[in-house]
Structures are given as structure tokens and as C-alpha cells.
Amino acid sequence: MTLGVPVETWTDQPQWRQRALVPVLVFLGMVVAVISSLGAPLVPTIAAMDHVSLSDAQWSLTITLLVGAVATPAMGRLGDGPRRRAVILGGAVVVLLGSVLAALPLGFGWLVAGRALQGVGLGLTPLAIATARDTLPAGRSHSAVALLSITTVAGIGLGYPLTGLISQSFGVHAGFWFAALIAALALGAAATVLPSTAGRAPSPLDVLGAVLLGAALAGMLLVLSEGEVWGWASPRLLALAAASVALLGWWTFHELRTAHPLVDLRLLRNPVVLTADVAGLVAGVAIYLLISLVTRFVQTPVTAGYGFGTSIVVTGLILLPFSITSVAASKVVPVLARRTSSALVLPIGCVVSLLALLTFAFARDGLWELLLAMGIAGLGVGCTFAVMPGLIVGAVPAGETGSAIGFNQVLRYVGYSTGSALSAAVLQAHTSPGRLLPSGAGYTAAALLGCAVWVAATVVTIVLPRRRTAVRSERDEESVVQQRAVGATR
């Protein structure tokens with residue numbers, strides 16, 4: 001019996017349903033990635049259409065990632081029990097409703113509300129990964145888990161050109177109608193092939209933990225996004241920052257004390273889990289920092305002294321190499337891991353991603369240089385994210401898979417939303433009073449900040465596994481000494 005569905009139940013299903021499971025899970029993850037990142041290439045257009053600043057329009061992207069960060073652990077915990085199928089289908093329904101709300105021409109506030117509902121979909125990827133692990137044979141589940149992990153970034157470049165073409169041809173709201181269409185298709189496909197998990201033990205939901213985590217993350221992102229407007233030393237900003245840190249501390253204390261935590265933080269005692277989680281957080285910041293910078297840079301009119309004044313379609317095409325190389329990297333990772341080790345794949349991916357940001361920082365005079373930078377970024381991110389779920393799955397109890405992978409995704413989304421807000425904050429800081437566009441130096445400063453983030457990620461992925469090895473060596477030596485002592489007394 002597998003953890004999710006008795007083997008005899010799943011194998012008795014029609015062959016077409018068994019074969020369709022992985023493609024449907026991948027399609028679901030791809031749809032979620034496309035919809036969640038839909039706001040990035042449309043930020044300048046939304047700002048002009050709704051007469052808001054670029055920093056305010058950036059919330060059409062940040063709010064989706066923020067809601068995803070809050071919803072993912074709750075959905076992951078519920079999905080570890082018998083309600084996984086219902087949670088997945090319910091999440092898909094919410095995404096569909098959010099897409100329709102964002103598509104209606106009701107104004108900026110309603111668009112942001114719709115984008116917030118779409119963020120619930122980000123919690124579906126960990127559940128898809130848990131479904132693949134629990135249902136598929138070991139040989140197929142490993143490759144499926146790696147591929148599903150990549151969909152969170154691969155869908156960005158694949159969806160941008162298509163949604164950009166639709167938005168440019170028929171208007172911004174048409175892009176969200178397209179999101180509603182693919183969300184409906186994903187919902188129908190999932191309802192057809194998802195296995196039942198009715199036999200699993202229920203997992204109580206930590207409501208207080210979810211509220212504390214959501215409030216803390218919302219406060220932190222608001223500090224990042226509004227710091228330049230309010231003033232970094234303003235009393236209300238400092239008060240909000242202090243309150244957010246206090247709430248995060250309260251959440252941590254609560255999670256360690258409650259019998260049924262939203263996220264089992266004790267799993268972080270495992271150096272493998274800790275390495276994957278810290279790397280996911282830090283990498284998430286740098287990834288969306290680069291994506292946000294590139295999408296704004298290429299659409300900036302040439303009259304600003306930089307930029308290319310590209311259309312939404314061309315902007316999407318510039319990000320296409322990111323998706324292509326990230327998927328290609330997922331095929332290279334198993335070979336690389338066999339010849340080196342899974343632990344070495346993480347720092348290798350971080351170094352490659354660092355090269356991408358260095359390329360953008362110092363070579364962005366031609367579109368081909370941006371294409372090159374995004375292609376390099378895809379290789380690095382593909383290596384990094386393809387190996388993370390496998391490390392976690394092999395290090396945690398089977399019953400904690402959904403929660404552990406969900407928490408890793410939460411940290412990614414926190415990183416994504418932080419990177420999105422951080423890029424807006426840095427560019428706003430380099431925007432002169434009375435001007436709408438930042439200076440070109442602002443992009444260089446933000447890119448160098450991203451380089452520092454990747455350096456930190458590289459250090460983390462090298463140091464933490466070595467600490468694990470050192471601890472093991474010390475324990476082995478102590479064990480030998482104890483055995484010799486026992487032998488001597490005999």
C-alpha cells in the first residue's frame with residue numbers, strides 16, 4: 001500500500017487514467033506558475049491603465065506571491081490528510097474565480113483582489129508533488145517530483161509570450177480571461193484523474209499559526225514596498241517592522257509548542273532540510289529580483305537613456321530562454337548528481353545563477369545580452385530547484401511530505417514576493433523627485449544586490465552540508481570511544 005492510495009485501488013484504474021496523472025499534475029503546476037506570474041510583464045501597462053504608480057502596480061504581482069506564501073502551508077497540512085483531492089480541486093476553483101475577477105474591468109482594487117485569489121493556486125504545487133510521491137512507483141515518482149518542482153519557474157517564461165500576445169492584441173483584461181480559461185481546463189483535468197485519499201489519517205489545521213504567519217509576512221512585505229514612500233526611518237514603518245518581527249517570533253514559539261503545527265519546524269534540525277529551505281528562500285529573492293528588473297528594463301522607453309521600449313509580447317519572448325533552459329536543466333541534474341552528489345548540485349546552480357545577474361549588471365546594451373542572461377538564469381534555477389524536493393523527500397517522514405515540501409515552497413514564495421518588492425524599492429530609491437522612471441544606475445544597484453544574495457545562497461549550500469558531515473564524524477568518534485570504554489570494563 002502506498003501512503004496516498006492503496007496500490008490495488010490505483011492500479012485497478014483504467015490505464016489512460018494512470019498514464020494521464022503525471023501530465024495533468026504538470027499541467028496544473030504550469031497553469032499555476034503562469035497565472036501567478038502574469039502580473040510581472042503587465043506592471044507598466046497596469047500602472048498606465050489604472051493611473052497608479054509603478055510601485056503600486058507592482059502589488060499586482062506581489063499580492064499573489066504573498067497570498068501564496070500564506071495559503072501554501074495551510075493547504076499542505078490539509079493535503080497530508082484525507083482531504084487532499086478536495087483541497088486541490090477547491091484551490092483550482094478559487095484560482096478560476098480570481099481570474100474572472102481580475103478579468104472584469106472593475107478598477108485597480110478589484111484587479112488586486114482577483115490577483116490575491118489567484119495566489120491560492122500556489123499552494124497546489126506541493127500537493128501535486130505529494131500526490132506524485134504517494135501514488136507513483138519509486139522509479140517514476142523521482143523524475144515526476146523534480147519536474148513538478150521546475151514548473152514553478154518554467155511556467156513563467158512559457159506563459160509570458162502567450163499572455164503578452166493576448167494582452168497586446170485584446171487588452172490587459174483579455175490576458176486574465178485567458179488565465180480563467182486555462183484554470184478551468186486544469187480544474188476539469190484534475191477532477192478527472194486525481195486519486196482519492198480518503199483512507200489517510202486527518203491532519204488538524206493550525207488556524208492560529210496560519211493567522212500569525214500571514215500577518216507577519218504581510219507586514220514585512222509592506223515595509224519593503226512602502227519604505228521609500230513612508231521613509232525608512234519613519235515611526236510607523238519602524239513600528240510595523242517591529243510588530244512583524246514580533247509576530248514571526250510568536251509564530252515560531254507557537255509552532256514549536258502546539259501538538260499539530262502548521263509547519264513542523266523541528267524538521268529544520270535535519271541539515272538537509274535546513275539547507276534546502278534556506279537555499280529556497282534566498283534563491284527566491286534573487287530570481288524574482290532579476291525577473292522584475294528585466295521586465296521593467298526592456299519596456300522602458302529609449303528616451304530614458306536606457307531600455308528598449310519593447311511590447312509586452314517581446315518582453316515575454318525575452319523570458320522564454322529562462323523556461324527552456326530550466327526544463328533542460330532538470331534533465332541534466334540526475335546525471336550531474338550521479339557524477340558528483342545531490343549536495344553539490346545546489347551550490348553549482350547558485351554559482352550559475354550568480355553569473356546571470358552579473359551579465360545583467362554589466363552587459364545589457366543589446367536584447368541578445370538579456371536573452372543570454374535569462375538563459376543562464378534558467379540553467380542555474382533549474383539545477384537548484386530540481387534537486388530540492390528530492391533532498392527533502394529523502395530526509396523527512398513520509399507523513400510529513402506535503403507539509404515539508406509545502407514549507408519549502410512557502411519560503412520560495414516569500415523569497416519571490418520579497419524579490420519583487422525589493423526590486424521596486426531599489427528602483428524607487430533611484431527615481432528622482434518629479435520623475436516617473438528610475439535612473440539606469442538603479443538597475444545596476446539592484447542587480448549587484450541580487451549578486452550578493454546569490455553569494456549568500458552559495459555559502460549556505462556549501463557550509464550547512466559540511467556541518468552535517470562534521471557532526472556525524474564527531475558522533476562516530478564518540479561512539480567508537482564509548483565502545484572501547486565498554487570493552488575495557490569487560
Side-chain angles (χ1 to χ4, degrees), residues 31-72 91-124 156 159-160 163-164 166-167 171-180 182-183 211 213-230 240 244 288 291-292 295-296 299 312 315 413-425 427-428 436:
V31 166
V32 168
V34 169
I35 292 176
S36 65
S37 59
L38 185 59
L42 301 179
V43 166
T45 306
I46 290 172
M49 179 184 68
D50 291 317
H51 307 290
V52 297
S53 67
L54 284 172
S55 59
D56 286 341
Q58 189 77 22
W59 275 98
S60 63
L61 175 64
T62 304
I63 190 66
T64 308
L65 301 172
L66 171 61
V67 172
V70 176
T72 295
V93 170
V94 173
V95 172
L96 175 57
L97 293 176
S99 300
V100 172
L101 184 58
L104 295 173
L106 301 175
F108 181 69
W110 288 104
L111 186 148
V112 171
R115 293 287 293 154
L117 292 178
Q118 288 177 330
V120 173
L122 291 173
L124 297 177
I156 297 172
Y160 276 7
T163 54
I166 294 172
S167 299
V172 170
H173 295 290
F176 292 111
W177 281 120
F178 169 74
I182 59 175
V211 172
L213 180 61
L217 293 179
M220 290 179 176
L221 289 174
L222 194 59
V223 167
L224 280 175
S225 61
E226 301 298 328
E228 187 65 26
V229 178
W230 294 358
L240 180 59
S244 300
Y288 258 76
I291 290 173
S292 298
T295 53
R296 284 185 59 171
Q299 294 182 77
I312 299 175
T315 302
Y413 300 150
V414 170
Y416 292 166
S417 50
T418 301
S420 173
L422 194 58
S423 69
L427 294 181
Q428 185 65 32
L436 295 176

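Sequential numbering from 1 along the given sequence is applied to the chain's residues. Note that this is a predicted model, so its numbers are computed, not measured.
The two atoms that bring Ala71 and Val120 nearest to each other are CB-CA, 4.2 Å, heavy atoms only. The shortest non-hydrogen separation linking Ala116 to Val67 is O-CG1, 3.2 Å. Ile46 approaches Ala57 most closely through the heavy-atom pair CG2-CB, 4.4 Å. Shortest non-hydrogen contact noted between Val95 and Ala183 is CG1-CB, 4.1 Å.
Considering OG of Ser99 and CD1 of Ile182, their distance stands at 7.5 Å, rounded to 0.5 Å. Distance check, rounded to the nearest 0.5 Å: CG of Leu117 to CD1 of Ile35 gives 12.0 Å. Taken to the nearest 0.5 Å, the CD atom of Gln118 stands 10.0 Å off from the CG atom of Leu96. Distance check: Thr72 OG1 to Leu213 CG gives 10.0 Å after rounding to the nearest 0.5 Å. Between the CG atom in Leu104 and the CZ atom in Phe176 there is a gap of 11.5 Å [rounded to 0.5 Å]. Here Ile63 contributes atom CD1 and Arg115 contributes atom CZ; the two are 10.0 Å apart, rounded to the nearest 0.5 Å.
Residues His51 and Phe108 fail the side-chain proximity criterion, which asks for heavy atoms closer than 4.5 Å.
Put simply, the side chain of Thr315 never gets that close to the backbone of Thr295: no donor and acceptor are under 3.5 Å apart.
Residues in residues 103-113 take part in no side chain to side chain donor-acceptor pair (under 3.5 Å) pair, two or more places apart or across chains.
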| Could you walk me through whether Leu122 and Val32 pass the side-chain contact (heavy atoms from CB on, under 4.5 Å) check? | CA-CA 6 Å; Leu122 291 173; Val32 168; 3.8 Å; yes

| Test log, rule side-chain contact (heavy atoms from CB on, under 4.5 Å), inputs Leu240 and Trp230 | CA-CA 11 Å; Leu240 180 59; Trp230 294 358; 4.0 Å; yes

